[in-house]
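Take a look at the structure set out below.
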Amino acid sequence: MTKANTSQAVRSQSGRSKTAAALASAPAGARFVSGALAGLVPDVEPGGPRALPDRTTLEALALERSPTLQAHLRRVAAQERRVALAGKATRPDFNVTAGYSYRDGFGDFFNVMVAVPLPIFAGRKQSQSVLEADAVLAEQEARHRTMVLELNAEIAALDAELARTRDQLLLLAEGILPQARTALSAATASYRVGRVDFHTLLDAQVTLYQHELGFHRLLADFATGLADLERVVGTEVLR
């Protein structure tokens, strides 16, 4: 299989999985009478499609995979280290140094020095640095909580929009499209025996085509909404 054929097969499989998720409760998928649309949407096998994860699962995935949240968490962790270092600067420290030298006429010379730096300006310098670092950390932690709330709100909005689109798709697949096909079949049979004119038959055909095209527009909207949801979450939600 060539690279182009492989890429086309992957896209086809991805399209089938999205269609399956969009029509998860449709017992037999969507069947089209028009040649332009026939075969583009495969039948959905009973029990085959996997529904989208629930909102709680999506929020948990976002906490783990969202690039924006993960980048901010790294900034929070870096600030926590700065706070720890600023705290150490307020405590006494010990510094031990040793040296060796030789002076002509005096022999070997060794020296050892022990220094104990005292933070005598802790109130004006080191303590202020700790307070400043703590304030920055508190601001970043508050920002993280706000980002999580904003992310959850965006997930909720996208999830609700996907649910609305799915409801419309299912209404078309399970109700409107079958009725339109039945109406077309009845109009065709009546036209053959002269009970209706050609205009009535054409109206039934056009109505069915319009519903089929509307179905595909909604399916495209579902795929777009799913892509937006995966962008926010930071990973695929259909596997």
Is it the case that [X] and [Y] place a side-chain donor and acceptor less than 3.5 Å from each other?
| X | Y | result |
| --- | --- | --- |
| T224 | D221 | no |
| S190 | R195 | no |
| T200 | D197 | yes |

Kindly compute the distance separating [atom1] ([X]) from [atom2] ([Y]), expressed to the nearest 0.5 Å.
| X | Y | atom1 | atom2 | value |
| --- | --- | --- | --- | --- |
| L213 | L218 | CG | CG | 11.0 Å |
| Q205 | T188 | CD | OG1 | 7.0 Å |
| L202 | T207 | CG | OG1 | 9.0 Å |
| R75 | R143 | CZ | CZ | 9.0 Å |
| I155 | D228 | CD1 | CG | 12.5 Å |
| E150 | T68 | CD | OG1 | 10.5 Å |

Exercise for the section: Can you sort out the partners of D167 under side-chain contact (heavy atoms from CB on, under 4.5 Å), two or more places apart, ordered by chain and number? Expected result: none
Practice task
Identify, with sequence neighbours excluded, every residue that meets side-chain contact (heavy atoms from CB on, under 4.5 Å) alongside Q179.
Solution key: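 Q179: no side-chain contact (heavy atoms from CB on, under 4.5 Å) contacts found.
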Practice task
Check step by step if salt bridge (charged side-chain N to carboxylate O under 4.0 Å, His left out) holds for R231 and E154.
Solution key: CA-CA 11 Å; R231 171 186 56 79; E154 191 171 1; 3.6 Å; yes
So do [Y] and [X] actually touch side chain to side chain, heavy atoms under 4.5 Å?
| X | Y | result |
| --- | --- | --- |
| Q168 | L171 | no |
| E80 | E141 | yes |
| L201 | L184 | yes |
| L63 | E59 | no |

Could you report the tightest heavy-atom contact between [X] and [Y], atom names first, then the distance?
| X | Y | answer |
| --- | --- | --- |
| L169 | F222 | CD1-CB, 4.2 Å |
| G234 | P67 | CA-CD, 4.0 Å |
| A183 | A204 | O-CB, 4.3 Å |

Problem - Criterion side-chain contact (heavy atoms from CB on, under 4.5 Å) on E230 and T235, from CA distance to verdict - result: CA-CA 5 Å; E230 291 178 341; T235 186; over 6 Å; no
Handout entry: Evaluation steps, side-chain contact (heavy atoms from CB on, under 4.5 Å), between L58 and D54
Key = CA-CA 6 Å; L58 291 172; D54 58 39; over 6 Å; no
Shared hydrophobic cluster for [X] and [Y] (ILVMFWY, side-chain gaps under 4.5 Å):
| X | Y | value |
| --- | --- | --- |
| M147 | L149 | no |
| L151 | L73 | no |
| V76 | V136 | no |

Handout entry: Pairing residues for R55 by the side chain to side chain donor-acceptor pair (under 3.5 Å) criterion, not counting sequence neighbours
Key = D159
Exercise for the section: Assess whether side-chain hydrogen bond (donor to acceptor under 3.5 Å, both in side chains) is satisfied between R74 and Q70, documenting all intermediate values. Expected result: CA-CA 6 Å; R74 287 192 290 271; Q70 293 305 312; 5.2 Å; no
